[in-house]
Amino acid sequence: MDKTFNPGAIEQTCYTDWEQNGYFKPSGQGEPYCILLPPPNVTGSLHMGHAFQHTIMDTLTRYHRMKGDNTLWQCGTDHAGIATQMVVERQLDAQGKSRHDLGREAFLEKVWEWKAESGGTISQQMRRLGTSTDWDREVFTMDENLSKAVTKVFVELHKEGLIYRGKRLVNWDPVLHTAVSDLEVVNEEEAGHMWHMRYPLADGSGELVVATTRPETMLGDTAVAVHPDDQRYASMVGKEIKLPLTGRLIPIIADDYVDQEFGTGCVKITPAHDFNDYDMGKRHDLPMINILTDDAKLNDDVPEAYRGMDRFDARKQIVADLEAQGVLVKIEPHSLKVPRGDRSGTVIEPYLTDQWYVAVESLAKPAIEAVESGEIRFVPENWNKTYYQWMHNIQDWCISRQLWWGHRIPAWYDDAGNIYVGEDEAAVRRENGLDDAVALKQDEDVLDTWFSSALWPFATMGWPEKTPELETFVPSSVLVTGFDIIFFWVARMIMMTKKFTGKIPFKDIYITGLIRDEQGDKMSKSKGNVLDPIDLIDGISLDALLEKRTGGMMQPQKAEKIAKRTRKQFPEGIASYGTDALRFTFAAMASTSRDINFDMGRVEGYRNFCNKIWNASRFVLMNTETEDTGANASASERELSVADRWIWARFYQTVTDFEQAIAQYRFDIAAQALYEFTWNQFCDWYLELTKPVLNSEHSSDAQKRGTRHTLVNVLEQLMRLLHPVMPFITESIWQRVAPLTAVGAGETASVMTQAFPQMPAEGVDQDALADIEWFKKVIVGIRNIRGEMDISPNKPLSVMLRNATAEDEQRFDTLSLYVTRMAKLEDVKVLAQDETAPPSASAIVGEMEVLIPMAGLIDKDAELARISKAMEKIEKDVARTQGKLSNENFVSKAPEAVIEKEKQKLAEASQQLAKLQEQYKSIEAI
RNA sequence: GCGUCUAUAGCUCAGUUGGUUAGAGCGCUACCUUGACAUGGUAGAGGUCCCCUGUUCGAGUCAGGGUAGACGCACCA
């Protein structure tokens with residue numbers, strides 16, 4: 001074994017073996033346990049968020065598999081309609097072509113080609129992370145089976161009237177030329193203006209002043225509204241306005257939507273280009289004049305001068321023209337929320353088009369109940385409030401997209417404009433009695449990507465066929481995902497799965513935090529603070545990292561700043577930390593907070609932890625591989641020391657702690673338990689405790705055999721315990737250590753197929769625990785004096801024990817070998833009751849004092865200072881405790897156990913204080 | 001406007017139903033190349049638990065109010 005842990009050397013081969021041996025498949029035995037992978041975008045590559053969530057899912061999966069559950073981690077990728085289409089369109093654009101030059105069929109061929117080339121990136125990267133998904137069941141949302149499910153769901157919902165087609169105002173992305181759902185629009189505050197303009201009454205009797213942030217929409221105005229109670233305008237309601245620039249006559253109407261206080265109290269109404277105006281238009285039966293084209297240019301329904309103008313150019317022109325006509329009253333700066341497409345970034349237009357919708361209200365009800373009843377549980381729990389808030393105000397879902405890449409809507413039109421919905425054209429003809437003479441044309445549009453994602457829990461299990469998987473793995477056990485897609489995905493899965501299977505899709509929803517950079521900023525290409533998980537695993541040079549972060553930037557002017565920051569943070573590039581260290585970092589950082597600031601220091605620390613495990617294993621193997629480990633010896637041939645019994649007790653306590661933490665999705669606590677045991681117990685104490693036994697001529701064969709047996713077996717079990725979080729290093733070590741135990745190697749070739757460690761029925765050895773805790777106190781006490789008194793660790797010491805109880809003596813007796821070796825003592829003397837001791841520094845363990853004679857070793861003043869410091873601490877404590885106990889209220893009201901504890905504490909502290917005072921006096925007297 | 005979250009050591013974070021002296025990692029200081037490991041060991045320093053008021057025998061923890069910050073939803077033309 002190498003002296004330092006080298007992750008690169010072990011990771012790749014492990015994974016291939018696991019995958020080839022089919023270890024990722026469900027066993028078919030035991031309780032079902034299932035996790036659905038949120039299908040990553042097929043165009044994507046693995047980012048920190050994926051790596052984090054995948055670590056959590058893999059840890060759960062590996063753990064449950066080892067617990068003997070019938071475990072399935074269902075994986076797959078999403079076709080990601082808009083995102084994928086954009087990628088391919090951008091490539092075409094580079095060649096000076098558009099998708100329209102190719103035509104639908106040829107374009108789709110290109111997309112499939114591209115998917116075949118680059119679609120595997122993320123799956124390969126997932127393998128690097130060690131994810132144990134069942135790759136044989138990998139699904140793509142555009143696979144034939146999934147597409148069949150999508151069509152069936154569409155047809156059935158349509159049959160029930162829950163999918164309908166309608167002409168309505170939608171969010172229109174003029175760059176992508178498609179409708180998008182409310183969720184795909186982000187509203188950000190931006191600086192703008194408010195234009196006030198004069199609208200003259202048609203009869204010349206006066207005028208109204210209206211204010212708008214979008215003056216170009218005035219060309220589509222079909223009314224001006226005032227509040228019905230507004231006295232200022234009461235007489236004008238019912239009259240008409242002559243709309244400037246167009247000369248159209250539009251009515252003045254009254255509607256209590258209008259806020260009298262805001263602006264002039266008059267609102268121009270443009271029903272075809274504003275959601276509120278649209279509703280008002282419906283209420284008042286106003287005409288709806290669409291003034292835009294698909295590109296958000298002005299169309300032919302506006303005065304000739306403006307036709308074909310871009311919306312923003314038109315705005316300028318209209319403002320100029322209004323001003324020229326003296327109609328413009330004033331312009332004020334005004335900040336407003338601007339809706340932008342989350343993909344294109346362009347300003348979204350409310351636009352009147354024909355689209356397909358899902359009527360969600362009836363679907364939402366059972367989905368809300370599933371969470372209210374506790375059948376589905378959010379972790380952390382407060383996310384259910386977010387869920388309720390959205391679900392109670394849910395709007396119909398616009399599911400059609402004017403794209404080419406996606407599931408084509410299964411609707412056909414005849415020449416008369418009749419709509420037929422069915423599985424395919426043949427079915428439509430059959431069901432509607434349409435012969436070939438009737439020309440049918442399929443709807444050009446595709447479905448929102450999230451429509452197919454919503455079916456993920458059951459479509460991946462073979463629905464609509466009645467498969468065993470559907471029976472076994474619906475509902476799945478837990479969904480691990482981010483809060484950003486609760487509405488996009490989680491809510492819709494609940495609705496659709498309830499609707500089509502009658503079951504919930506998952507029992508728990510574990511909402512993870514969002515990984516941010518070390519300063520708490522979101523990682524983004526434009527900020528240049530993105531970390532690639534693969535770079536943390538393999539390492540990357542500074543040059544390569546700079547190229548990654550600044551190459552191909554949308555805003556090249558930022559490159560310099562990013563380069564500077566990158567150079568400063570990673571002057572040497574990034575070291576290779578390995579997958580296990582990265583995974584452990586994610587687990588350790590997975591607390592309940594909603595944002596996680598990624599700290600490189602943690603990765604480094606956990607890389608060191610891997611190294612610690614590696615070297616502890618080296619130690620174990622060096623001491624056992626060529627020796628008798630008693631694998632098949634009878635118990636009588638193996639004598640277990642107190643330390644041996646103790647480490648088993650601590651090990652099983654750790655197993656319990658780990659399992660409790662995992663059950664509550666507290667991966668940080670679980671990781672902490674693993675770290676603490678491995679480093680602070682197993683390495684710091686146990687391995688040190690084996691050295692006196694293994695290296696002593698006085699140890700019997702049975703003793704040595706017992707200790708070696710414990711070393712290899714605890715290590716073997718520890719590898720199992722660590723495996724769910726750190727799959728690679730544990731496999732690598734387990735392969736070496738298992739043959740030294742009764743587990744052996746051979747058939748059982750992998751740690752991942754071993755049973756998870758289980759606490760023995762008889763519990764843990766409490767005596768061993770108490771003995772070693774006593775022992776630690778003695779050692780630490782002596783080390784403390786050495787440290788503070790500057791006594792070289794190499795200097796052998798003589799110590800005396802004063803005031804030792806029978807138990808102390810008994811313990812010292814059994815542990816004397818350990819004490820003398822680990823504290824480096826040359827001589828220990830137990831003082832009799834009346835025996836006097838020379839001036840000494842002392843450590844207090846319970847009632848016993850461990851004395852180190854000062855002669856020639858310890859400076860009088862230094863020791864006095866040390867004692868005063870200790871006394872000060874204890875005095876404070878005594879005072880506080882006395883205060884409490886002399887408080888009548890405390891004594892009468894606090895629970896008995898608490899009072900008892902305080903009393904005990906006081907007694908112990910007082911006793912210690914007395915001893916320290918005595919010490920102080922005796923040293924002072926020298 | 002409605003809703004959610006966060007504030008604890010220099011940094012990143014734990015702290016279960018209120019109950020010993022508030023913990024960990026990193027960083028820092030001193031010492032130690034002891035034969036698993038310097039990606040290490042031993043010892044140590046470091047905290048006004050954001051502020052105020054309250055409940056309580058007792059508050060980092062509960063309630064109310066404030067300050068600072070993050071986020072979601074809906075929005076006034």
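The chains referred to below are lettered A, B, ... by the order of the sequence lines, with proteins before strands, and numbering in each begins at 1. Values reported hereafter were calculated over all heavy atoms of this structure, with side chains retained and with hydrogens, waters and symmetry mates removed.
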Whole-angstrom distance between [N] and [M], as gauged at atom [atom1]:
N	M	atom1	value
U16(B)	A59(B)	C1'	16 Å
U8(B)	C51(B)	P	10 Å
C2(B)	C75(B)	C1'	11 Å
C50(B)	A7(B)	P	8 Å
G19(B)	U29(B)	P	36 Å
U21(B)	G15(B)	C1'	15 Å
C26(B)	G18(B)	C1'	31 Å
U34(B)	A45(B)	C1'	26 Å

Can you confirm if the NZ or CZ of Arg594(A) lies within 45° of the ring axis of Phe483(A) and under 6.0 Å from the centre of its six-membered ring?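 So Arg594(A) does make the cation-pi contact.
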
Check whether any side-chain nitrogen or oxygen of [X] sits under 4.0 Å from OP1 or OP2 of [N], and answer yes or no.
X	N	answer
Asn393(A)	C73(B)	no
Trp614(A)	G40(B)	no
Lys612(A)	G41(B)	yes
Lys905(A)	U21(B)	yes
Lys3(A)	G40(B)	no
Asn889(A)	G58(B)	no
Arg602(A)	C13(B)	no
Ser593(A)	A14(B)	yes
Thr4(A)	U39(B)	no
Arg786(A)	A30(B)	no
Lys869(A)	A45(B)	yes
Asn615(A)	U39(B)	no

When we call it a touch if two heavy atoms are under 4.0 Å apart, what does [X] touch: a base, just sugar-phosphate, or nothing?
X	result
Trp195(A)	nothing
Asn887(A)	sugar-phosphate
Arg214(A)	nothing
Gln389(A)	base
His334(A)	sugar-phosphate
Thr270(A)	nothing
Val210(A)	nothing
Cys683(A)	base

For the pair made of [atom1] in [X] and [atom2] in [N], what is the distance, rounded to whole Å?
X	N	atom1	atom2	value
Leu687(A)	A36(B)	CG	C1'	8 Å
Asn611(A)	C26(B)	CG	C1'	17 Å
Asp668(A)	U16(B)	CG	P	12 Å
Leu514(A)	G72(B)	CG	C1'	13 Å
Met48(A)	U12(B)	CE	P	16 Å
Phe262(A)	G1(B)	CZ	C1'	14 Å
Gln672(A)	U16(B)	CD	P	15 Å
Lys385(A)	G3(B)	NZ	P	10 Å

Does Glu688(A) contact A36(B) through a side-chain donor or acceptor facing the base, at a distance under 3.5 Å?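 For Glu688(A), whose side chain was compared with the base of A36(B), there is a donor-acceptor pair (under 3.5 Å).
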
N/O donor-acceptor pair, side chain Arg783(A) with base U42(B), under 3.5 angstrom: no

Any side-chain heavy atom of [X] within less than 4.5 Å of one from [Y]?
X	Y	value
Lys337(A)	Glu190(A)	no
Ile509(A)	Val490(A)	yes
Arg283(A)	Asp279(A)	yes

Donor-acceptor contact below 3.5 Å, side chain Asp2(A) vs main chain Phe5(A):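 No; zero donor-acceptor contacts below 3.5 Å.
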
Report the residue (Tyr675(A) or Gly787(A)) whose heavy-atom-nearest nucleotide on RNA chain B is the more 5′ of the two.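 Here Tyr675(A) is the residue nearer the 5' end.
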
Nearest-nucleotide comparison on RNA chain B, the residue closer to the 5′ end among Asn187(A) and Asn784(A): Asn784(A)

Which of these, Asp595(A), Asp521(A), Asn597(A), sits in a side chain to side chain donor-acceptor pair (under 3.5 Å) with Arg516(A)? Asp595(A)

Under 3.5 Å, sequence neighbours excluded: what are the donor-acceptor pairs made by side chains of residues 208-226 of chain A?
{"residue": "Thr212(A)", "atom": "OG1", "partner": "Arg214(A)", "partner atom": "N", "Å": "2.9"}
{"residue": "Arg214(A)", "atom": "NE", "partner": "Glu216(A)", "partner atom": "OE2", "Å": "3.4"}
{"residue": "Arg214(A)", "atom": "NH2", "partner": "Glu216(A)", "partner atom": "OE2", "Å": "3.4"}
{"residue": "Arg214(A)", "atom": "NH2", "partner": "Glu349(A)", "partner atom": "OE1", "Å": "2.9"}
{"residue": "Arg214(A)", "atom": "NH2", "partner": "Glu349(A)", "partner atom": "OE2", "Å": "3.0"}
{"residue": "Glu216(A)", "atom": "OE1", "partner": "Arg315(A)", "partner atom": "NE", "Å": "2.8"}
{"residue": "Glu216(A)", "atom": "OE2", "partner": "Arg315(A)", "partner atom": "NH2", "Å": "3.0"}
{"residue": "Thr217(A)", "atom": "OG1", "partner": "Arg214(A)", "partner atom": "O", "Å": "2.8"}
{"residue": "Thr217(A)", "atom": "OG1", "partner": "Lys268(A)", "partner atom": "NZ", "Å": "2.6"}
{"residue": "Asp221(A)", "atom": "OD1", "partner": "Lys268(A)", "partner atom": "NZ", "Å": "3.0"}
{"residue": "Asp221(A)", "atom": "OD1", "partner": "Thr270(A)", "partner atom": "OG1", "Å": "2.6"}
{"residue": "Asp221(A)", "atom": "OD2", "partner": "Tyr199(A)", "partner atom": "OH", "Å": "2.7"}
{"residue": "Thr222(A)", "atom": "OG1", "partner": "Pro287(A)", "partner atom": "O", "Å": "3.1"}

Answer for the Watson-Crick or wobble partner of C2(B), both distances under 3.5 Å, is G72(B)

Any salt bridge linking Lys776(A) with Glu773(A)? Criterion: basic side-chain nitrogen under 4.0 Å from a carboxylate oxygen. yes

Is the Tyr675(A) ring parallel, tilted or perpendicular to the Phe584(A) ring (thresholds 30°, 60°)?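 Tyr675(A) vs Phe584(A) ring planes: tilted.
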
